[in-house]
Amino acid sequence: MSNLLFCNDREGEYPNSWYAATVDELPPQPPLVGHKSCDVCVVGGGYSGLSTALHLRQRGFDAVLLEAHRVGWGASGRNGGQLGSGQRQDQDELETLVGDAPARRLWDLAEEAKATALQLIENHQIDCDFKPGIIHADHKPRYVAHSHRYADKLNREYGYSQIAPLDRGAIRNLVASDDYHGGLIDRGSGHLHPLRYALGLAKAALAAGVVVHEKSLVVIWNRQASGIEIITNEGSVKAQHLVLACNGYLGDMDEMVARHTMPINNFIIATEPLGDAGAQSLIAEDVAVADSRFVVNYFRRSHDHRLLFGGGENYGYQFPKDIAEFVRKPMLKVFPQLADTRIDFAWGGTLAITMNRMPYFARPHPNVWSISGYSGHGVAMATMAGKLVCEAISGQEERFDLMARVPSPKFPGGRLLRSPLLALGMLWYALRDRL
């Protein structure tokens, strides 16, 4: 949600992705025209906003959701579809950052986040092709020992027994690539069709009585004595609470939040159908894979036997001219046997990252709530964020505040220098990946 629209995007339409080609779109919801009032106005029609509105309505609040394009149009309908365990940071790092007891509570929240997403899928019969299992693949031999120690730690200290180490032979049996030296397999996580999941949440919210307005760009919002006024291109909403669930599309809507989050672009390609045997020859089990590079490669099989491969990032307000070629390079590094394989779909999306890669939960102003910055780990945590902000608005603020207390440094450089400094930093990490 914002006035940001990238050169490869079509305003008000879903991108030309494999996801959009394999989903029944939700009937368009009318733009906001005129004036409305409600208890809570939610800005953003992705996982965060849809989950927030659904949970609020289930607690009896009147909720109006505003989306500048279509629900699920942004990163929620374009991402890699991985429903991962834990937070974006490992528990080792969280214990150092916030202490042992808060780190355990953050783990428990993340486990509840997975369970919440799966419960929503079951309760609302969302057909999003969920499959269990994610492999973490180490692209450097020296990373393997750390991964194995981490699996042992989660088993011993956190009672999480669904994760197991993989040596070079074991990972080679699962992923037909010489690029990886070992890693982990987490059978308590999984992967799904992200746009189907988003549209399923939207259908559930509409059925619960949430008022959804698509193609309703928020121009500005103002605090007034009687509440908060949210002004769109054709109307306005008066609300007691405002939830900013915009993630990478925040734009200029709130400068305080923008200092802590940064929009970046990530890209995915879908190959031609490879056949069941061809797809299994790349990934033996129907699990997702994410590797240890700082700019992560992530990939999985589709239900129609394609390889969906994500990789590469850029910064600023334009996608590469040739996304397919941009992503083909890292794909061929992992799977050189696909050199002659046709690419049928190529698309990009914009997400928000934070300096420490932990979600940014904040109350930047009275009765204004912000949930964003999932840093590529948002399928479960963005869903959970909606549940937590609903609890907070209902007067149960403890769990929202647990997330909000995680230190979140501001990006250096101010408005003009944030993106160039980030690009330099990411270039250094990308070079480190190659060393």
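D100 meets the salt bridge (charged side-chain N to carboxylate O under 4.0 Å, His left out) test with no other residue; sequence neighbours excluded. Residues meeting the side-chain contact (heavy atoms from CB on, under 4.5 Å) test with Q125, sequence neighbours left out: none. Contacts of D304 classified as salt bridge (charged side-chain N to carboxylate O under 4.0 Å, His left out), with partners at least two apart in sequence or in another chain: R306. Not counting sequence neighbours, the partners of W107 by the ring pair (Phe, Tyr, Trp, His ring centres under 6.0 Å) test are Y158, Y160. With sequence neighbours left out, E214 forms a side-chain hydrogen bond (donor to acceptor under 3.5 Å, both in side chains) with R70. Qualifying side-chain hydrogen bond (donor to acceptor under 3.5 Å, both in side chains) partners for W369, counting only residues two or more places apart in sequence or in other chains: H241. Not counting sequence neighbours, H55 has no partner by the ring pair (Phe, Tyr, Trp, His ring centres under 6.0 Å) test. Judged as a ring pair (Phe, Tyr, Trp, His ring centres under 6.0 Å), and not counting sequence neighbours, the contacts of F335 are F299. Legend: residues meeting ring pair (Phe, Tyr, Trp, His ring centres under 6.0 Å) with F326, ordered by chain and number and at least two apart, are F267. Scored by the side-chain contact (heavy atoms from CB on, under 4.5 Å) test, L308 finds W18, Y19, A270, R300, S302 as partners (sequence neighbours excluded). A208 meets the side-chain contact (heavy atoms from CB on, under 4.5 Å) test with L54, R57; sequence neighbours excluded.
Salt-bridge check for E229 with R223: failed, with every basic side-chain N at 4.0 Å or more from each acidic carboxylate O. Using a 4.0 Å cut-off between charged nitrogen and carboxylate oxygen, D401 and R363 count as a salt-bridge pair.
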Exercise answer: donor-acceptor pairs, residues 33-47 side-chain atoms, under 3.5 Å, sequence neighbours excluded:
unit_1: H35; atom_1: ND1; unit_2: S236; atom_2: OG; d: 2.5
unit_1: K36; atom_1: NZ; unit_2: H213; atom_2: NE2; d: 2.8
unit_1: D39; atom_1: OD2; unit_2: D62; atom_2: N; d: 2.8
unit_1: Y47; atom_1: OH; unit_2: S76; atom_2: O; d: 2.7
unit_1: Y47; atom_1: OH; unit_2: N79; atom_2: ND2; d: 3.3
unit_1: Y47; atom_1: OH; unit_2: P194; atom_2: O; d: 3.1

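Taking the six-membered ring for Trp and the full ring otherwise, H139 and Y180 have centroids separated by 6.0 Å or more.
With 3.5 Å as the limit, one finds no donor-acceptor pair spanning the side chains of T354 and Y374.
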What's the verdict on salt bridge (Lys or Arg N to Asp or Glu O under 4.0 Å) for E95 and K153, showing C-alpha distance, side-chain angles and the deciding distance? CA-CA 12 Å; E95 288 167 0; K153 176 188 179 72; 3.1 Å; yes

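Of the candidates L307, L282, D344, T271 forms a side-chain contact (heavy atoms from CB on, under 4.5 Å) with just one, namely L307.
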